[in-house]
Amino acid sequence: MVNTTIKTTKSQEIFAAAQNLMPGGVSSPVRAFKSVGGQPIVFDHVKGAYIWDVDGNQYIDYVGTWGPAICGHAHPDVIGALHDALEKGTSFGAPSFLENVLAEMVIAAVPSIEMVRFVNSGTEACMAVLRLMRAFTNREKVIKFEGCYHGHADMFLVKAGSGVATLGLPDSPGVPKSATSSTLTAPYNDLEAVKALFEENRDQIAGVILEPVVGNAGFITPDAGFLEGLRELTHEHGALLVFDEVMTGFRIAYGGAQEKFGVTPDLTTLGKVIGGGLPVGAYGGRRDIMSMIAPAGPVYQAGTLSGNPLAMTAGIKTLELLQKPGAYEYLERITKKLADGLLQVALETGHAACGGHISAMFGLFFTSGPVHNYEDAKNSDTAKFGRFHRGMLERGVYLAPSQFEAGFTSLAHTDEDIDQTIAIAREVLSSI
Ligand SMILES: Cc1ncc(COP(=O)(O)O)c(C=O)c1O
Ligand SMILES: N[C@H](C=O)CCC(=O)O
């Protein structure tokens, strides 16, 4: 079972060459392993709950291409549907029936969404939703939370999570002050701070955007009453509430965090799962607000590849699989088993640790916690996380290469995968 001497010669060669070709050798920063140390492995192929690297090593995967692979990688139904769709062409740049099908599925599932617009990434969805918030309210300021990540658009690169947190970067050079001067920040789970911002900026705040369950500062859940409090405050101040469900959408429940917690925002952003592993994003919400988007209204937003037939097909198939009876019960059961198991092993082997899960999303911090916000997350032992990550990798478990990312399970993970992961964690945690 345990192999601590994996050979990664080919991975190393390819990654060395990549460094001369692409900044940091990668197409997106976190995957470069900068914060956990060591070199990334280079993937060859993926299937179900597993990945294989170019040296032939197999790993149990808890990244799931950062969330989309909730049914397991390369699910035969998704691949089959994609084969059929490919025969009809790779891009239309014109209306297709597939958009109607996915739109109907999204609208039926997500409580806040009465109309939806498809885009190509979560970043695009968040950029567009911000423009819409500002246009609808005729106000400029927006509140986001420290450690939350809403993609890499200028306005959101303020105390951002994900790669910005992973690399310990300040707000990015190249972002003009004017782009972020209207972005106000508060600590996650701190309603009083949000109240104060509303008081200090009366009638100027377009809305509040947040990850309803944080995945980009590690896994952090909303305190009881936090989401409800934001709903009340935004109503009270004539501002919009936006849930960025790019990560949580169709993952922590079929209808996302808003279904799970029973709090309905005005607007929602989606991505990841609804593209079934192809590049996709979406934003949607109340009909009166969405009707402002061009060409129905004056707020401009467009995309050559938006509504791409392959992405729509993979999304439709993925949502169909998730509709099967028992899907979310299964995800909850195995993820609980994993998260509880990891925490128990960490505590039994003498580490200060805390963690948890909701449905198919989980996390573990090396601090006794509790972790309520990004500051708490930063105070965890990230160096220890790096050693944990490397030990797990060398024994065949692929975790997100950053303390500031959540973990993901899928319908393809079996009880045996979870048992094996916990056993490996015991071995690693006993030695670090
Ligand atoms: C909550 C959240 N919002 C937005 C994004 C941006 O999405 P993308 O990487 O598809 O641009 C991500 C992930 O990167 C995310 O997790
Ligand atoms: N945290 C990001 C998305 O959820 C990680 C993906 C990336 O930016 O590469």
Side-chain angles (χ1 to χ4, degrees), residues 22-36 40 43 61-70 118-130 142 144-167 169 172 188 208-222 242-252 256-258 265 267-283 303 305-306 308 311 314-315 358 360-363 374 377 398-408:
M22 295 169 283
V26 288
S27 299
S28 192
V30 185
R31 61 183 80 162
F33 278 38
K34 287 259 187 213
S35 76
V36 288
F43 285 26
D61 177 28
Y62 293 105
V63 180
T65 186
W66 299 103
I70 193 166
F118 292 113
V119 293
N120 301 292
S121 69
T123 295
E124 252 191 85
C126 293
M127 269 169 68
V129 96
L130 178 58
V142 64
K144 79 173 279 287
F145 293 92
E146 294 163 12
C148 281
Y149 180 66
H150 306 294
H152 60 84
D154 284 0
M155 312 72 75
F156 291 121
L157 286 182
V158 184
K159 298 186 182 169
S162 189
V164 185
T166 299
L167 300 172
L169 296 176
S172 179
Y188 191 78
V208 176
I209 184 167
L210 77 157
E211 293 180 62
V213 173
V214 183
N216 286 293
F219 173 77
I220 305 175
T221 55
V242 182
F243 280 5
D244 178 353
E245 298 230 39
V246 167
M247 198 180 266
T248 52
F250 294 92
R251 175 162 287 279
I252 66 171
Q258 50 202 276
L267 293 165
T268 298
T269 54
L270 295 167
K272 300 192 190 273
V273 170
I274 60 156
L278 275 87
V280 115
Y283 61 102
L305 293 173
S306 295
N308 175 271
I358 300 181
M361 195 171 162
F362 69 94
Y374 182 40
Y398 190 78
L399 298 172
S402 165
Q403 175 69 88
F404 302 115
E405 298 284 353
F408 301 123

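Counting starts at 1 for both ligands and their atoms, following the listed order. Quick note: residue numbers are just sequence positions, from 1.
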For [X], the ligand 1 atoms whose distance to one of its heavy atoms is below 4.0 Å:
X      : answer
Ser121 : 10 (O), 11 (O)
His150 : 3 (N), 4 (C)
Gly151 : 4 (C), 5 (C), 6 (C)
Asn216 : 1 (C), 2 (C), 15 (C), 16 (O)

**Asked** Any N/O of Trp66 closer than 3.5 Å to an N/O of ligand 2?
**Response**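 No, there is no polar N/O contact under 3.5 Å.
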**Prompt:** Any idea which of Asp244, Thr269, Leu270, Leu210 brings a heavy atom closest to atom 3 (N) of ligand 1?
**Reply:**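 Result: the heavy atom closest to atom 3 (N) of ligand 1 is in Asp244.
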**Prompt:** If hydrogens are left out, which of Val246, Val280, Asn120 has an atom nearest to atom 12 (C) of ligand 1, that is, the closest non-hydrogen atom?
**Reply:**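 The residue whose heavy atom sits nearest atom 12 (C) of ligand 1 is Val246.
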**Message:** So if I apply the side-chain contact (heavy atoms from CB on, under 4.5 Å) rule between Glu405 and each of Phe219, Trp66, Tyr149, which one comes out positive?
**Reply:**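 Option passing the side-chain contact (heavy atoms from CB on, under 4.5 Å) with Glu405: Trp66.
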**Prompt:** Where's the contact between Lys272 and ligand 1, heavy-atom distance under 4.0 Å: side chain, backbone, both or neither?
**Reply:** side chain
**Request:** Check Trp66 against ligand 1 and report side chain, backbone, both or neither, counting heavy atoms closer than 4.0 Å.
**Result:**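 It is neither; nothing of Trp66 touches ligand 1.
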**Prompt:** Who's the nearest protein heavy-atom neighbour of atom 14 (O) of ligand 1, and how far?
**Reply:** Tyr149 CE2, 3.3 Å
**Request:** Report yes if Thr123 has an N/O atom closer than 3.5 Å to an N/O atom of ligand 1; otherwise report no.
**Result:** yes
**Message:** Does ligand 1 come near enough to Gly122 that some N or O of the ligand is less than 3.5 Å from an N or O of the residue?
**Reply:**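 Right, the criterion is met.
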**Prompt:** If you count the atoms of ligand 2 from 1 in the order shown, which ones are under 4.0 Å from a heavy atom of Ser28?
**Reply:** 7 (C), 8 (O), 9 (O)
**Asked** At under 4.0 Å between heavy atoms, which part of Asn216 makes contact with ligand 2: side chain, backbone, both or neither?
**Response**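 Contact part for Asn216 vs ligand 2: side chain (C-beta onward).
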**Request:** Decide whether the shortest distance between a heavy atom of Glu124 and an atom of ligand 1 is less than 4.0 Å.
**Result:**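 No, Glu124 has no heavy atom closer than 4.0 Å to ligand 1.
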**Asked** Is it true that Lys272 lies under 4.0 Å from ligand 2, counting heavy atoms only?
**Response**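 It does; at least one heavy atom falls under 4.0 Å.
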